[in-house]
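Written out below as structure tokens is the structure these notes cover.
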Amino acid sequence: MAFHPPSNALSIKTFEHPKSSKTMLDLKLIRENAAEVEKALARRNGQFSVAELVKVDQRFRDLQTQWELLNQRTNEISELFKTGKADKSQIEQLRAESKELKGKREEIEKEKVALEEELDSLRLGIPNLPHDSVPDGKDETGNVEIKTWGKIPAISNPKHHWELGTELDVFDFERGVKIAESRFTVLMEMGAKMERALMNFMLDLHSKRGYREVFPPILVNRDCLIGTGQLPKFGEDLYKCAEDDLFLVPTAEVPVTNLYRDEILEEEQLTINHCAYTPNFRREAGAAGKDTRGYIRQHQFNKVELVKFCVPEKSFDELEALTLDAEAILEALELPYRRALLCAGDMGFTSQKTFDIEVWFPAQDKYREISSCSNFGDYQARRANLRYRPADGGKPRFLHTLNGSGLAIGRTLAAILENYQQTDGSVKIPKALQPYLGGLTELRPKKDSVKV
RNA sequence: GGAGAGGUGGCUGAGUGGUCGAAAGCGGCUUCCUGCUAAGAAGUUGUACGGUCAAAAGCUGUACCGAGGGUUCGAAUCCCUCCCUCUCCGCCA
């Protein structure tokens, strides 16, 4: 696998000086570089075109100009009234003209509103541009392995985590289904404790490394989801509380990135680092039949998330730092992993560049994703109106956002079970986690215990 | 859930239907003064989208005082609807 170093072809840097808010990509940039934008989008999996957008935008701007001219005349008329310059003979005529102008304006406004809606929906439907350093590729086969860490354990006939977990009284899959539906699992005694221990361990480690811990709401409003990019396109994967128009978070990325929505931060405050634990809820709409066994793909799962807000110039350095911070958890737990650079076709909608961290699953004999670390550039910042005032006092600029799992807790638990399994069916506890479990060193099946 | 108050620029906070993009203060920026990590003086300081310009500056047009409607030649200011915030009461972990 080849490593693709950053190139400087179509410079994503030109996106750093946005002029308008509430767009995902800078409209001006799209207008002026439509061909290059098309080309960058073509690298993604799926059909995205800006041609229609450019057309609607042009029509909208024409109308805008007409509308402004009508307003200008209206203002002139009222100026005549104000200054008393209008002849008495003219007054009635001016009143009539103004009314007529209003009628014309209303006509234009009708079309404008319709066009604006269309424009918004077109804009929100266009994904972020893959960075130049992102390799081409249609799907995960195009991803590039960047590094591997740790020694893959030699286990003969490794058991799957769901087998180990059931024997060790960690998971109760059947009762999870009874209580909710499929893809819901009950964590029994040691499972519950392990999950809680992992949560605390991860938050503590990240806190030590400079992330400020937050615990946000787990129900969020529509604006948040538009801000981070889940809406309007990916609503089918969300759980919704229809009566309140609130949604269960699919990731802590949503509430944490929206912490500073519509705010102007000071450059001195950046980089802001947050870590947050939340449960996450996903309908897994497109995942029918995938990972139906085990604890890998649940409708509800726990995760610690890392989120960064930084100045545009630093975001790629911060992406590396963030990825290392996520990897630090796996290294502390001594779980073998690799890092992959996602190709353009496999990247998330909002991302400019993404590293996946994949942990080794012995029974599956492969690496599975446990974290996804992305630089979004100013894409989310535009949608969520996240800005900062430069230290030199200039105009507010959009900042850059990043996030990554640090880590998915359920998958970490599953990975521990598999990688730390012993031939006698017991599972050792990683040293780093033992203090969080009262010094416990292993999980052992209770032969004499009756399954309650 | 009941009653009341309120939503104005980066922040605090004035604002009689036209002189308000909006007083004042704070903060920011620039300059001056002062020999000391301070204080003072003056000026300046919203955002977005257009036009002019090679470009920037400048000039200029339009919009924006919670959102959306209405009245009016003209609305931050009057009317209606909605949203949100705060205070008191009730209820509750």
Side-chain angles (χ1 to χ4, degrees), chain A residues 14-15 17-32 53-54 56-120 122-123 215 217-224 226-227 241-246 258-270 272 309 311 378 381-399:
Chain A
T14 47
F15 305 146
H17 301 285
K19 294 259 166 77
S20 66
S21 61
K22 301 215 169 170
T23 64
M24 20 55 65
L25 294 178
D26 187 358
L27 249 187
K28 202 169 211 168
L29 178 106
I30 295 177
R31 274 204 290 274
E32 289 164 9
L53 179 68
V54 170
V56 175
D57 174 54
Q58 185 56 51
R59 174 71 185 142
F60 176 78
R61 291 166 69 217
D62 290 347
L63 282 177
Q64 180 72 22
T65 306
Q66 287 178 36
W67 182 79
E68 285 184 2
L69 287 172
L70 293 173
N71 263 328
Q72 192 174 348
R73 178 59 188 154
T74 304
N75 289 342
E76 280 168 20
I77 291 174
S78 67
E79 188 71 16
L80 291 176
F81 275 87
K82 188 165 72 181
T83 55
K85 274 186 191 162
D87 262 281
K88 276 182 188 160
S89 60
Q90 288 182 312
I91 283 183
E92 280 318 306
Q93 197 192 326
L94 288 172
R95 283 212 169 111
E97 185 184 349
S98 189
K99 292 233 178 200
E100 192 190 331
L101 287 169
K102 187 179 182 184
K104 283 186 189 166
R105 246 189 355 244
E106 277 168 358
E107 257 177 60
I108 290 178
E109 272 162 17
K110 254 173 103 180
E111 194 183 348
K112 245 180 69 176
V113 167
L115 280 178
E116 195 159 25
E117 272 172 27
E118 197 183 343
L119 205 53
D120 278 348
L122 285 170
R123 274 185 206 161
F215 188 62
I218 292 158
L219 286 172
V220 295
N221 59 36
R222 192 171 284 277
D223 287 343
C224 288
I226 289 172
C241 304
E243 287 205 8
D244 305 288
D245 206 30
L246 291 170
N258 278 280
L259 266 179
Y260 308 109
R261 172 154 48 88
D262 294 321
E263 291 186 29
I264 299 176
L265 304 171
E266 296 300 327
E267 179 167 352
E268 291 76 21
Q269 295 174 263
L270 305 175
I272 294 175
F309 303 83
V311 297
D378 64 15
R382 285 172 186 284
R383 294 174 73 119
N385 196 23
L386 296 163
R387 295 178 295 167
Y388 74 97
R389 194 174 291 281
D392 65 16
K395 288 190 178 185
R397 300 170 71 198
F398 290 113
L399 44 76

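Source: prediction; values computed, not measured. Every heavy atom of this structure was used, including side-chain atoms; hydrogens, water molecules and symmetry mates were not. Letters A, B, ... mirror the listed sequences (proteins, then strands); counts begin at 1.
Taking 4.0 angstrom as the limit, A:Lys99 places a side-chain polar atom (N or O) nearer than this to OP1 or OP2 of B:rC73. Between A:Arg61 and B:rG50 there is a side-chain polar atom (N or O) within less than 4.0 angstrom of OP1 or OP2.
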A:Asp223 and A:Asn258: side-chain contact (heavy atoms from CB on, under 4.5 Å), yes or no, with the steps? CA-CA 9 Å; A:Asp223 287 343; A:Asn258 278 280; 5.9 Å; no

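Of all nucleotides present, none satisfies the Watson-Crick or G-U wobble test against B:rA93 with each distance under 3.5 Å. Of all nucleotides present, none satisfies the Watson-Crick or G-U wobble test against B:rA56 with each distance under 3.5 Å. With a cut-off of 3.5 Å on both pairing distances, B:rA23 has no Watson-Crick or G-U wobble partner at all. Base pairing analysis places B:rU77 opposite nothing; no Watson-Crick or G-U wobble pair with both distances below 3.5 Å involves it. B:rC86: Watson-Crick or G-U partner is B:rG4, with both key distances under 3.5 Å. Using the Watson-Crick or G-U wobble rule with both distances under 3.5 Å, B:rG46 pairs with B:rC64. Partner assigned to B:rU72 is none, using Watson-Crick or G-U wobble distances below 3.5 angstrom. Applying the Watson-Crick and G-U wobble criteria (two distances, each under 3.5 Å), B:rG35 pairs with nothing in any strand.
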If a protein heavy atom is under 4.0 Å from the base, mark B; if only from the sugar-phosphate, S; if neither, -; do that for nucleotides 53-63 of chain B going 5' to 3'. --------BBS

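When heavy atoms are screened at a 4.0 angstrom cut-off, A:Ser78 is found touching base atoms of the nucleic acid. At the heavy-atom level, A:Arg222 lies nowhere under 4.0 Å from the strands shown.
Taking atom CD of A:Glu116 as the reference point, atom C1' of B:rG68 lies 14 Å away to the nearest angstrom. One can place NZ of A:Lys112 at 12 Å from C1' of B:rC64, the figure rounded to the nearest angstrom. One interatomic measurement links the two molecules: CZ of A:Arg105 to C1' of B:rG69, which rounds to 15 Å at whole-angstrom precision.
A salt bridge links A:Glu92 and A:Arg95; the closest N-O separation between the charged side-chain nitrogens and carboxylate oxygens is under 4.0 Å. Comment: A:Arg59 does not engage A:Asp62 in a salt bridge, judged by the lack of any side-chain N to carboxylate O separation of less than 4.0 angstrom. Ion pairing between a basic and an acidic side chain is recognised when a charged N comes within 4.0 Å of a carboxylate O; A:Arg73 and A:Glu97 show such pairing.
A gap of 23 Å separates the P atoms of B:rU62 and B:rG9, to the nearest Å. Taking the P atom of each, B:rC33 and B:rG7 are spaced 45 Å apart, rounded to whole Å. Going from the P atom of B:rC11 to that of B:rU81 covers 30 Å, rounded to whole Å. When the C1' atom is used for both B:rA56 and B:rG40, the distance is 36 Å, rounded to whole Å. Here the separation of B:rC79 from B:rA22, taken at their C1' atoms, is 23 Å to the nearest Å. Only the C1' atoms considered, B:rG1 is 36 Å distant from B:rA14, to the nearest whole Å. Here, B:rA57 and B:rG66 have their C1' atoms 36 Å apart, quoted to the whole Å. The same atom, C1', is picked in B:rG10 and in B:rU45; the two are 11 Å apart, to the nearest Å.
Without hydrogens or angle criteria, A:Ser98 side chain to A:Leu94 main chain gives no donor-acceptor distance under 3.5 Å.
The 12-atom threshold is exceeded at CD of A:Gln269, counting heavy atoms of other residues, nucleotides or ligands nearer than 6.0 Å. Within a 6.0 Å radius of NZ in A:Lys112, more than 12 heavy atoms belonging to other residues, nucleotides or ligands are found.
Residue A:Phe81 places its side chain closer to B:rC73 than to any other of B:rU72, B:rC73, B:rG10. Closest approach to the A:Arg31 side chain among B:rG50, B:rG10, B:rC73 is made by B:rG50 (side chain taken as heavy atoms from C-beta onward).
Minimum heavy-atom separation, A:Leu101 to A:Leu70: CD2-CD2, 3.6 Å.
Residues A:Asp378 and A:Leu399 have side chains not in contact (no heavy-atom distance under 4.5 Å, counting atoms from C-beta outward).
Where A:Ala96 and A:Val113 meet RNA chain B, the nucleotide closest to each residue was compared, and A:Val113 sits on the side nearer the 5' end.
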